[in-house]
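The block underneath contains the structure these notes are about, expressed in structure tokens.
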Amino acid sequence: MRSEKTSGIDTIDKAILAMLQNNADTPVAEIAEQVGLTVTPCWRRIQKLEEKGIISRRVALLQAKHLGLAMTVFVQVKAGRHDGKWLASFAKHAASFDEVVECYRMSGEYDYLLKVLVTDMDCFDHFYKRLVNGIEFSDVTSSFAMEQIKYTTSVPLNHI
């Protein structure tokens with residue numbers, strides 16, 4: 001079922017989105033040629049996708065391992081309390097760490113899941129001490145990724 005935000009997306013928009021997800025530096029002329037448009041209508045479609053918030057930004061994707069960030073850690077957190085003040089405090093606390101590249105509020109046994117990138121175990125230990133020192137937790141556990149099987153920043157478009 002299509003949401004209100006995706007209901008106006010047609011096959012041309014979908015093709016444009018797929019190309020931009022693959023390479024945001026693709027020239028508009030090349031995108032236009034691939035989707036069967038001239039440059040101006042293609043550019044207008046891209047602008048509308050940005051205005052709707054479907055395209056939120058264009059970024060360079062960096063290879064963490066090439067920058068020395070060889071360790072990926074998933075940290076699961078149980079809330080110290082379940083009230084709005086604690087939740088807001090934790091969200092601000094977790095977001096304050098550069099090492100935290102993703103943070104989710106979860107259902108299930110643990111309340112939050114953090115994806116953390118660090119260089120090694122010593123750096124993770126330093127991060128962990130700062131994390132737990134800043135706020136009261138019920139429980140914290142960490143899992144270390146041994147191998148990355150799949151990584152993509154592309155959002156699935158098959159449902160559109």
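- Residues D10 and K14 are not paired through a salt bridge, judged by the lack of any N-O separation under 4.0 Å between the basic side chain and the carboxylate.
- From I12, atom CD1 reaches atom CG of L37 across 4.5 Å, with rounding to the nearest 0.5 Å.
- No salt bridge links K52 with D13; every basic N to acidic carboxylate O contact stays at or beyond 4.0 Å.
- Connection of I55 to M19 is established within a shared hydrophobic cluster, with ILVMFWY side chains joined at heavy-atom distances below 4.5 Å, either directly or through further cluster members.
- With a 6.0 Å radius and a threshold of 12 heavy atoms from other residues, nucleotides or ligands, R81 has its CZ atom above the threshold.
- Taking the ring axis of F74 as reference, the NZ or CZ atom of K115 does not stay both within 45° of it and closer than 6.0 Å to the ring centre.
- To the nearest 0.5 Å, atom CG of residue L17 and atom CZ of residue R45 are 10.5 Å apart.
- Here the straight-line distance linking atom CG of D122 with atom NE2 of H126 works out to 11.0 Å at 0.5 Å rounding.
- When hydrophobic clusters are built by joining Ile, Leu, Val, Met, Phe, Trp and Tyr residues whose side-chain heavy atoms come closer than 4.5 Å, directly or via intermediates, F97 is grouped together with V77.
- Following chains of ILVMFWY side-chain contacts shorter than 4.5 Å, one cannot reach L113 starting from Y110, and the two form parts of different hydrophobic clusters.
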#### Entry: Verdict with reasoning, E51 to R44, per salt bridge (Lys or Arg N to Asp or Glu O under 4.0 Å)
CA-CA 10 Å; E51 289 167 9; R44 283 191 196 123; over 6 Å; no
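- From N23, atom CG reaches atom CD of E30 across 8.0 Å, with rounding to the nearest 0.5 Å.
- Closest of all the heavy-atom pairs between C123 and D120 is N-OD1, 2.9 Å.
- Partners of A18 under the side-chain contact (heavy atoms from CB on, under 4.5 Å) rule, at least two apart in sequence or in another chain, are L157.
- One distance of note links CD of Q21 with OG of S154; it measures 4.0 Å at 0.5 Å rounding.
- Cluster annotation: I135 and M106 are assigned to distinct hydrophobic clusters (Ile/Leu/Val/Met/Phe/Trp/Tyr, side-chain heavy-atom contacts under 4.5 Å, transitive).
- The salt bridge (Lys or Arg N to Asp or Glu O under 4.0 Å) check on E147 picks up nothing, with sequence neighbours excluded.
- Q47 has its side chain out of reach of L49: every pair of non-hydrogen atoms, C-beta onward, lies at least 4.5 Å apart.
- Between W86 and F137, the ring planes lie perpendicular to each other; the angle is over 60°, past the 30° to 60° tilted range.
- With D111 contributing its side chain and A79 its backbone, the two residues share a donor-acceptor pair below 3.5 Å.
- For CD of E33, the number of neighbouring non-hydrogen atoms (other residues, nucleotides, ligands) closer than 6.0 Å is 12 at most.
- Side-chain contact between V39 and I31 is absent, with no heavy-atom pair separated by less than 4.5 Å.
- Each of F127, Y128, F144 was evaluated against V116; a single residue qualifies, F127, per the side chain to side chain contact (heavy atoms under 4.5 Å, CB included) test.
- Heavy-atom contacts from other residues, nucleotides or ligands closer than 6.0 Å to NZ of K92 number 12 or fewer.
- At a threshold of 4.5 Å between non-hydrogen side-chain atoms, the residues E99 and R130 count as touching.
- Here the CG atom belonging to L67 is positioned 6.0 Å from the CG atom belonging to L62, to the nearest 0.5 angstrom.
- Each of L131, T119, V75 was checked for a side chain to side chain contact (heavy atoms under 4.5 Å, CB included) with F124, and the lone residue meeting it is V75.
- Residue pairs meeting the side-chain hydrogen bond (donor to acceptor under 3.5 Å, both in side chains) criterion with at least one member in residues 53-63, sequence neighbours excluded: E50-R58.
- There is a path of hydrophobic side-chain contacts, each under 4.5 Å, that joins F90 to V73.
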